[in-house]
Novice: 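Here it is, the structure in full.
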Amino acid sequence: MMIKELHYNKVKGTVMVPSSKSYAHRALIALSLSKGKGTIHHVDLSSDIMATLKCLEDLGVDFFIKEKDITLDATSFGNRRDRVLKPEESGSTLRFFIPITLLFDEVYEFRGSTSLLRRPLTVYEELFRNLDIMMFRDSLESIVIKGKLEPGDFSMRGDVSSQFISGMLMVLPLLPGDSTLAVTEDFQSESYVNMTVNVMRDFGIEIHREGDTFIVPGNQAYQVRDYVVEGDYSQAAYFLAAGALAGQTKVVGLNHASTQGDREILSILEKMGAAITPVEDGYEVHKSELRALDIDVSDIPDLTPVLGVLLSLSKGTGRLMRVDRLRFKESDRVKTTVELINTLGGEAREEGSDIVVTGREKLIGGNIYCHNDHRIVMAASVASLGCVNPVIIDGYEAVGKSYPEFFHDFQKIVDERFIG
Ligand SMILES: O=C(O)C1=C[C@@H](OP(=O)(O)O)[C@@H](O)[C@H](O)C1
Ligand SMILES: C=C(OP(=O)(O)O)C(=O)O
């Protein structure tokens, strides 16, 4: 495992964030479903995006990467090259491709990392039980699936992962009849489903929503088009937090009107007392004294580790509320977020469905084991800015899951001369 030592207390500079991982997954899939040729522009490659590209390739799509442009030839989509798809560690890829394979009535196998296959598939398991679809775990690292999805009136619970709902919605317009999908229970991470619907509409699909029910006419075709992926607010959050804690940052490459749920980082930082100014293409943040806040993270789960770090360096005690689903991410992020803060000399604990964090003026520093979780690596890097001693991150290469250039960008805004 690779080790990184961070010992900086000040930041100053501009960061251009990578493209939204969520939008990139969806746009690559939508273009492939169109069975045409086109280009998705401004895609920053990460291992999750590569996993989606490789799964598309195994389903017959050719791709050609030139810098940040990915040109797809999906004219042979469906003429598969491999019956084994490898989503690696990407939850989105696994849960989006399961319904895609059900367009073909062939046996498919999904092989992924053990951390991926430990994440729940219960919502599909429950759904398929009543349909003529077979899905079973073949081993710790493999899932086998066979069946053909027919149009119908489906109902799926919304309180496990929104990725099941997004995955089903993307294929319903291609079925030979109309469908509805009702989301039951508490609809969490809803903003991600809104992103799915946005991309579907951008690719010419008609889809309606009445309350928590989606109405999807069948016999539709995704239209071929080129598409530009906007910047990623989940990744912007680390640099906005860094500016608020330790100096000044300008974070660019962002759509001011984005529907990404993690855009919420802006209003959270403002409520905590940070000074944020919109600039062309992004936002500028200055160091401010931060106040603790109670935050419901059920729609913005990916922000949780960095919000924990912000609370650990704020005045007062704050809660990250409704964290239960965080147990099923790349790591158990309830445990790993609490562990991160406590290991660095802060004060955090689990309490029911919440993480409670009491702020300190400074953290101490120390050795962080990041449990192969990219968001823990990035949150630990932000935390290091508030530490008296260095932070040593063990396994920092995990960052490649979503943001391989993270340390390149982080290094640009810190500098030896800022130490102290
Ligand atoms: O659809 C997506 O692109 C995502 C949905 C969210 O998952 P959940 O719906 O499981 O919260 C989020 O945590 C993940 O990083 C990306
Ligand atoms: C949980 C994440 O992604 P996924 O669910 O796609 O693995 C993430 O990026 O933090």
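We count ligands from 1, going down the list as the structure has it; atoms in each ligand are counted the same way. Because the structure is a prediction, the values reported are computed rather than measured. Computed from heavy atoms alone, side chains included, the values below leave out hydrogens, waters and symmetry copies.
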Novice: To the nearest 0.1 Å, how far is atom 9 (O) of ligand 1 from its closest protein heavy atom, and which atom is that?
Specialist: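 The protein heavy atom lying closest is Ser162 OG, 2.5 Å.
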Novice: Can a side-chain donor-acceptor contact be found between Thr93 and Thr52 if the only test is distance below 3.5 angstrom?
Specialist: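 There is such a pair (donor and acceptor under 3.5 Å, judged by atom type) between the side chains of Thr52 and Thr93.
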Novice: Heavy-atom contacts with His374 under 4.0 Å: which atoms of ligand 2 show up? List them by number with element.
Specialist: 8 (C), 9 (O), 10 (O)
Novice: Taking the six-membered ring for Trp, are Phe96 and His25 parallel (under 30°), tilted (30 to 60°) or perpendicular (over 60°)?
Specialist: perpendicular
Novice: So, 4.0 Å and heavy atoms of Pro301: is ligand 1 close enough to count as a contact?
Specialist: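 So Pro301 counts as touching ligand 1.
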Novice: Please indicate whether Lys54 has more than 12 foreign heavy atoms, meaning atoms of other residues, nucleotides or ligands, lying under 6.0 Å from its NZ.
Specialist: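 Counting other residues, nucleotides and ligands, NZ of Lys54 stays at 12 neighbours or fewer.
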Novice: Tell me which protein heavy atom sits closest to atom 16 (C) of ligand 1, plus the residue, atom name and distance to 0.1 Å.
Specialist: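 Answer, as residue, atom name and distance: Gln163 NE2, 3.6 Å.
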Novice: Show me which atoms of ligand 1 lie under 4.0 Å from any heavy atom of Lys329.
Specialist: 7 (O), 8 (P), 10 (O), 11 (O), 12 (C), 13 (O)
Novice: Could you point out which residue of Ser353, Ser189, Ser298 forms a side-chain hydrogen bond (donor to acceptor under 3.5 Å, both in side chains) with Arg325?
Specialist: Ser189
Novice: Quick one: look up the protein heavy atom nearest atom 1 (O) of ligand 1 and list residue, atom name and how far away it is.
Specialist: Arg26 NH2, 2.7 Å
Novice: Counting each atom of ligand 2 from 1 as listed, which ones have a heavy atom of Arg119 under 4.0 Å away?
Specialist: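 Under 4.0 Å from Arg119, ligand 2 has these atoms: 1 (C), 4 (P), 5 (O), 7 (O).
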Novice: With heavy atoms of Ser22 as the reference, note each atom of ligand 1 found under 4.0 Å away.
Specialist: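 Heavy-atom distances to Ser22 below 4.0 Å select 2 (C), 3 (O), 16 (C).
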Novice: Which of the numbered atoms in ligand 2 are under 4.0 angstrom from any heavy atom belonging to Asp302?
Specialist: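 Those atoms are 8 (C), 10 (O).
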Novice: Which protein heavy atom lies closest to atom 10 (O) of ligand 2, and at what distance to 0.1 Å?
Specialist: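 The answer is Arg375 NE, 2.6 Å.
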Novice: Against heavy atoms of Gln163, which atoms of ligand 2 measure under 4.0 Å?
Specialist: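 By the 4.0 Å cutoff, the relevant atoms are 4 (P), 5 (O), 6 (O).
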Novice: Does NZ or CZ of Arg80 come closer than 6.0 Å to the centre of the six-membered ring of Tyr108, within 45° of the ring's axis?
Specialist: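 Output yes; distance and angle both within limits.
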Novice: For Tyr23 and Tyr227, take the angle between the two ring planes, folded into 0 to 90°, and tell me which bin it lands in: parallel under 30, tilted 30 to 60, perpendicular over 60.
Specialist: tilted
Novice: Can you list the ligand 2 atoms lying under 4.0 Å from a non-hydrogen atom of Lys401?
Specialist: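 By the 4.0 Å cutoff, the relevant atoms are 3 (O), 4 (P), 7 (O).
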Novice: With nothing but distance in play, are any N or O atoms of Lys21 less than 3.5 Å from an N or O of ligand 2?
Specialist: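 In this structure, Lys21 places an N or O atom under 3.5 Å from an N or O of ligand 2.
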Novice: Which atoms of ligand 1 are found less than 4.0 Å from any heavy atom of Ser189?
Specialist: 8 (P), 9 (O), 11 (O)
Novice: Taking the side chain as every heavy atom from C-beta outward, state whether His41 and Asp226 have any atom pair closer than 4.5 Å.
Specialist: yes
Novice: When you compare the side chain of Leu121 with that of Arg137, does any pair of heavy atoms fall below 4.5 Å?
Specialist: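 They are in side-chain contact.
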Novice: Once you measure the plane-to-plane angle for Phe239 and Phe406, does it fall in the parallel (<30°), tilted (30-60°) or perpendicular (>60°) bin?
Specialist: tilted
Novice: Give the atoms of ligand 1, by number and element, whose distance to some non-hydrogen atom of Asp302 is under 4.0 Å.
Specialist: 12 (C), 13 (O), 14 (C), 15 (O)
Novice: Heavy-atom contact check, 4.0 Å cutoff: does His25 meet ligand 2?
Specialist: no
Novice: Does Ser402 come within less than 4.0 angstrom of ligand 2, counting non-hydrogen atoms of the residue?
Specialist: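 The answer is no: ligand 2 sits nowhere under 4.0 Å from a heavy atom of Ser402.
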Novice: State the atoms of ligand 2, each with its element, that fall below the 4.0 Å cut-off from a heavy-atom position in Ser92.
Specialist: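 Per the distance check, 4 (P), 5 (O), 6 (O).
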Novice: Assess the side chains of His208 and Glu210: does a donor N or O sit below 3.5 Å from an acceptor N or O?
Specialist: no
Novice: Which of the numbered atoms in ligand 2 are under 4.0 angstrom from any heavy atom belonging to Glu89?
Specialist: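 Near Glu89, the atoms of ligand 2 are 7 (O).
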Novice: Begin from the C-alpha positions of Leu293 and Ile268 and carry the test side-chain contact (heavy atoms from CB on, under 4.5 Å) through to its verdict.
Specialist: CA-CA 8 Å; Leu293 195 69; Ile268 293 172; 4.2 Å; yes
Novice: With a cut-off of 4.0 Å, which atoms of ligand 2 are near a heavy atom of Glu330?
Specialist: 1 (C), 2 (C), 3 (O), 7 (O), 8 (C), 9 (O), 10 (O)
Novice: Please list, in number order, the atoms of ligand 1 under 4.0 Å from a heavy atom of Ser161.
Specialist: 8 (P), 9 (O), 10 (O)
Novice: Does even one non-hydrogen atom of Arg333 get within less than 4.0 Å of ligand 2?
Specialist: yes
Novice: Within a reach of under 6.0 Å around CE of Met50, are more than 12 heavy atoms found that belong to other residues, nucleotides or ligands?
Specialist: yes
Novice: Within 45° of the ring axis of Phe203 and under 6.0 Å from its six-membered ring centre, is that where the NZ or CZ of Arg225 lies?
Specialist: yes
Novice: Quick test of your reading of the model: are Lys329 and Asp332 salt-bridged, counting only N-O distances below 4.0 Å?
Specialist: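 Salt bridge: no.
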Novice: Tell me, please: is Arg95 in heavy-atom contact with ligand 2, that is, under 4.0 Å?
Specialist: no
Novice: Which residue and atom name correspond to the protein heavy atom nearest atom 4 (P) of ligand 2, and how close is it?
Specialist: Gly91 N, 3.5 Å
Novice: Any idea which atoms of ligand 1 are less than 4.0 Å away from a heavy-atom of Phe96?
Specialist: 1 (O)
Novice: Determine whether the aromatic ring centres of residues Phe407 and Tyr396 are separated by less than 6.0 angstrom.
Specialist: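 Yes, the ring centres sit under 6.0 Å apart.
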Novice: List every atom of ligand 1 that sits less than 4.0 Å from any heavy atom of Arg325, numbering the atoms from 1 in the order shown and giving each element.
Specialist: 8 (P), 9 (O), 10 (O), 11 (O)
